[in-house]
*Asks:* 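Got a structure for you, written out below as structure tokens; questions coming shortly.
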Amino acid sequence: MRIQVVARNYWPLADESSQRLMHTLDAWKSIGIKPSVLTTRWHSSWPDRARLRKVDVERLLPAPSSSWNESHFQRNVAKWLIKNTDSYDAIYVDAADPLLSAIVSKASAIGKPILCRFSQDPYGPSIPKSLGAYLPSSVSIRDSLRKCHWVIADHRRGYEALLDLGVGKERSVWIPDAVFEPARRTEIERKMACRALFDVSGDLAIPAQTYLLVHFGQASMEQLEAVLQTACALLDRGIRLR
């Protein structure tokens, strides 16, 4: 089974939804499912293709950082899914938001089953502030959920909410995120992380109450100039960092 995952956030974004999805795909691979990810190219310097943990990742522009870009991004996702329909057997949309509605509206052209994850957790994917009014209970998203082949709720209360929205029992299922554990940020974990960095190199010893600034990119002055300017601005504000 080849499943095309559609998600706004994925690596290298280190947020809760990206971490959950990455571990979910690990679990899928362990039972023979072959996932691939279609996501957002949040910066023009990012490559449009990558491979992470044996999963192919495709990133599309523009980044949905405004209402106009959101509409453009939705169209590009739908076009990509139609163009590459032979490369997957089903679509899994990681969030019930306006992007789901755009995909479901092209269901006949896509011609493949569409599955969606429905969650009421606080770690949902980022969407433009101007689109904040789009809630799972809005008419377009509610209708889209009803048209999905399956809707997967991550919690019993989400499953009950699906039934309230009119998604039939034959199309909805409750599957907890058993493989996901949110990143803990207690003082003990912070000390353990600092110790791990020190074990790698003494140059990475981080004094107490000091933040570590990490640059994921090329070590060229063209790439580092903006990072250095940002670091200097933070230091001028009295923020301790390395």
Side-chain angles (χ1 to χ4, degrees), residues 5 7-27 37 39-55 57-66 69-70 73 94-95 97 117 119-132 154-155 176-242:
V5 177
R8 293 177 182 274
N9 295 354
Y10 202 60
W11 183 88
L13 297 179
D15 61 356
E16 305 287 358
S17 64
S18 300
Q19 181 188 9
R20 168 191 52 76
L21 181 56
M22 185 172 65
H23 288 299
T24 299
L25 301 192
D26 285 344
V37 177
T39 186
T40 307
R41 190 174 164 193
W42 284 102
H43 195 277
S44 58
S45 66
W46 291 12
D48 54 4
R49 292 181 180 87
R51 187 167 175 82
L52 174 67
R53 299 160 81 106
K54 299 182 179 180
V55 174
V57 180
E58 180 95 14
R59 303 189 183 108
L60 299 182
L61 288 173
S65 55
S66 67
N69 282 351
E70 168 71 17
F73 176 68
D94 195 48
D97 67 8
R117 178 179 183 269
S119 176
Q120 296 177 313
D121 64 42
Y123 306 118
S126 301
I127 61 174
K129 292 181 179 179
S130 57
L131 296 173
D154 66 327
H155 195 277
D177 292 324
V179 299
F180 173 60
E181 182 179 4
R184 297 187 299 270
R185 298 177 175 86
T186 66
E187 191 62 31
I188 294 177
E189 271 80 21
R190 291 179 185 274
K191 290 181 179 179
M192 291 173 62
C194 288
R195 179 65 196 186
L197 288 171
F198 178 77
D199 289 342
V200 171
S201 171
D203 293 335
L204 296 176
I206 309 299
Q209 308 301 319
T210 301
Y211 294 98
L212 176 65
L213 179 65
V214 181
H215 168 66
F216 292 97
Q218 299 176 0
S220 64
M221 184 50 65
E222 181 182 1
Q223 291 282 331
L224 287 174
E225 185 175 3
V227 179
L228 294 173
Q229 291 176 349
T230 301
C232 290
L234 293 171
L235 290 169
D236 289 341
R237 289 166 50 189
I239 298 177
R240 301 173 60 181
L241 60 84
R242 287 200 173 183

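By convention here, the first residue in the shown sequence is residue 1. What you are looking at is a predicted structure, and each value in this text was computed from that prediction instead of being measured.
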*Asks:* Can you tell if the side chain of Arg41 reaches within under 4.5 Å of the side chain of Asp48, non-hydrogen atoms only?
*Replies:* yes

*Asks:* Measure the spacing between CH2 of Trp42 and CG of Leu60 and express it to the nearest 0.5 Å.
*Replies:* 12.5 Å

*Asks:* Please check this pair: side chain of Thr230 against backbone of Ala226, looking for a donor-acceptor N/O pair closer than 3.5 Å.
*Replies:* yes

*Asks:* In terms of side-chain heavy atoms, does Asn9 have a donor or acceptor partner in Ser18 at a distance below 3.5 Å?
*Replies:* no

*Asks:* Please examine the side chains of Arg117 and Asp94, heavy atoms only from C-beta on, and report whether any two atoms are closer than 4.5 Å.
*Replies:* yes

*Asks:* Would you say that more than 12 heavy atoms from the other residues, nucleotides or ligands in this model lie under 6.0 Å from the CH2 of Trp46, or not?
*Replies:* yes

*Asks:* Less than 4.0 angstrom from a charged side-chain N to a carboxylate O is my criterion; do Glu70 and Arg8 meet it?
*Replies:* yes

*Asks:* Walk me through whether Tyr10 and Leu25 qualify under side-chain contact (heavy atoms from CB on, under 4.5 Å).
*Replies:* CA-CA 11 Å; Tyr10 202 60; Leu25 301 192; 3.6 Å; yes

*Asks:* Return the OG to CG distance between Ser119 and Asp177, rounded to the nearest 0.5 Å.
*Replies:* 7.0 Å

*Asks:* What's the spacing between Glu225 CD and Leu228 CG if we round to 0.5 Å?
*Replies:* 8.0 Å

*Asks:* So do the side chains of Arg51 and Val57 get within less than 4.5 Å of each other, counting heavy atoms only?
*Replies:* no

*Asks:* Taking side chain as C-beta onward, heavy atoms only, is Val37 less than 4.5 Å from Val55?
*Replies:* yes

*Asks:* Distance from Asp203 atom CG to Arg242 atom CZ, nearest 0.5 Å?
*Replies:* 9.0 Å

*Asks:* In Å, rounded to the nearest 0.5 Å, how long is the span from CG of Leu204 to CG of Leu197?
*Replies:* 5.5 Å

*Asks:* Does Pro176 reach the side chain of Asp154, with side-chain heavy atoms less than 4.5 Å apart?
*Replies:* no

*Asks:* Please check: side-chain N/O of Thr39 versus main-chain N/O of Ala7, any donor-acceptor pairing under 3.5 Å?
*Replies:* yes

*Asks:* Check whether any side-chain heavy atom of Arg49 sits under 4.5 Å from a side-chain heavy atom of Arg59, and report yes or no.
*Replies:* no

*Asks:* How far does CD of Glu222 sit from OG of Ser45, to the nearest 0.5 angstrom?
*Replies:* 10.0 Å

*Asks:* Between Asn69 and Pro62, what is the shortest heavy-atom contact and its length?
*Replies:* O-CG, 3.8 Å

*Asks:* Is there a donor-acceptor contact under 3.5 Å from the side chain of Arg20 to the main chain of His23?
*Replies:* no

*Asks:* Take Val227 and Leu213 through the side-chain contact (heavy atoms from CB on, under 4.5 Å) test and state the conclusion after the steps.
*Replies:* CA-CA 9 Å; Val227 179; Leu213 179 65; 4.3 Å; yes

